[in-house]
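As structure tokens, the structure follows; a few thoughts come after it.
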Amino acid sequence: MLTLTENASTIVKTLTDQAPDDTAGLRISSSNPQNTAFAAAVTPSPEPADEVVESGGARLFLEPGAAVALDDKVLDAQVDDQGAVSFAIGALA
């Protein structure tokens, strides 16, 4: 299962707290399981087939293809000086 660093949990929670829905989360999807490019967007709730990951108050919704590709990974995040969020995916230690 995908794990989140403390930074990633905090940033995802901050992003989703701005959504009007209490059930909102960050949905990660991939159009091609062989591709390492993923899309991320705040959504009000998971799709029926999504895997839900909760960590430190943060909620992630993983599209099935993304869930498989990220199963043994860790998600980190940071905010730059301009307030832009960037995510990084690494191998689980």
Side-chain angles (χ1 to χ4, degrees):
M1 179 186 320
L2 177 69
T3 59
L4 284 75
T5 65
E6 187 175 332
N7 277 349
S9 293
T10 301
I11 291 170
V12 169
K13 186 171 179 353
T14 300
L15 291 172
T16 57
D17 281 351
Q18 298 171 21
D21 300 290
D22 290 341
T23 59
L26 184 70
R27 186 168 194 266
I28 299 176
S29 59
S30 173
S31 59
N32 179 351
Q34 304 304 319
N35 191 343
T36 57
F38 298 95
V42 174
T43 59
S45 61
E47 296 292 322
D50 285 355
E51 179 178 317
V52 177
V53 176
E54 296 191 41
S55 176
R59 291 176 47 121
L60 287 179
F61 309 141
L62 302 178
E63 172 268 332
V68 170
L70 299 173
D71 185 50
D72 59 347
K73 304 291 189 271
V74 61
L75 180 70
D76 193 14
Q78 62 184 14
V79 179
D80 69 16
D81 294 338
Q82 288 76 38
V85 176
S86 62
F87 290 98
I89 298 168
L92 196 58

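- Residues Thr23 and Phe61 share a closest heavy-atom pair of O-CZ, 3.3 Å.
- From Lys13, atom NZ reaches atom OG of Ser55 across 12.0 Å, with rounding to the nearest 0.5 Å.
- Residues Phe38 and Ile89 form a side-chain contact, since some pair of their non-hydrogen atoms from C-beta on lies under 4.5 Å apart.
- In this structure, Glu54 CD and Leu4 CG are separated by 11.0 Å, a value rounded to the nearest 0.5 Å.
- Rounded to the nearest 0.5 Å, atoms CG (Leu26) and OG1 (Thr14) are 12.0 Å apart.
- To the nearest 0.5 Å, the span separating CG on Leu60 from OG1 on Thr16 amounts to 9.0 Å.
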Cut-off 3.5 Å, no hydrogens considered: what does the side-chain donor-acceptor table look like for residues 42-52, sequence neighbours left out?
from	atom 1	to	atom 2	distance (Å)
Asp50	OD1	Arg27	NE	3.4
Asp50	OD1	Arg27	NH2	3.0
Asp50	OD2	Arg27	NE	2.7
Asp50	OD2	Glu47	N	2.9

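- Considering every non-hydrogen atom in both Ser9 and Ala58, the closest pair reads O-CB, 3.4 Å.
- In terms of the side-chain hydrogen bond (donor to acceptor under 3.5 Å, both in side chains) criterion, Ser29 has no residue partners (sequence neighbours excluded).
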Only pairs under 3.5 Å count here: list side-chain donor-acceptor contacts from residues 64-75, not counting sequence neighbours, and write none if there are none.
from	atom 1	to	atom 2	distance (Å)
Asp71	OD1	Met1	N	2.9

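- Under a 3.5 Å cut-off, the side chain of Asp80 and the backbone N or O of Gln82 do form a donor-acceptor pair.
- When hydrophobic clusters are built by joining Ile, Leu, Val, Met, Phe, Trp and Tyr residues whose side-chain heavy atoms come closer than 4.5 Å, directly or via intermediates, Ile11 is grouped together with Leu2.
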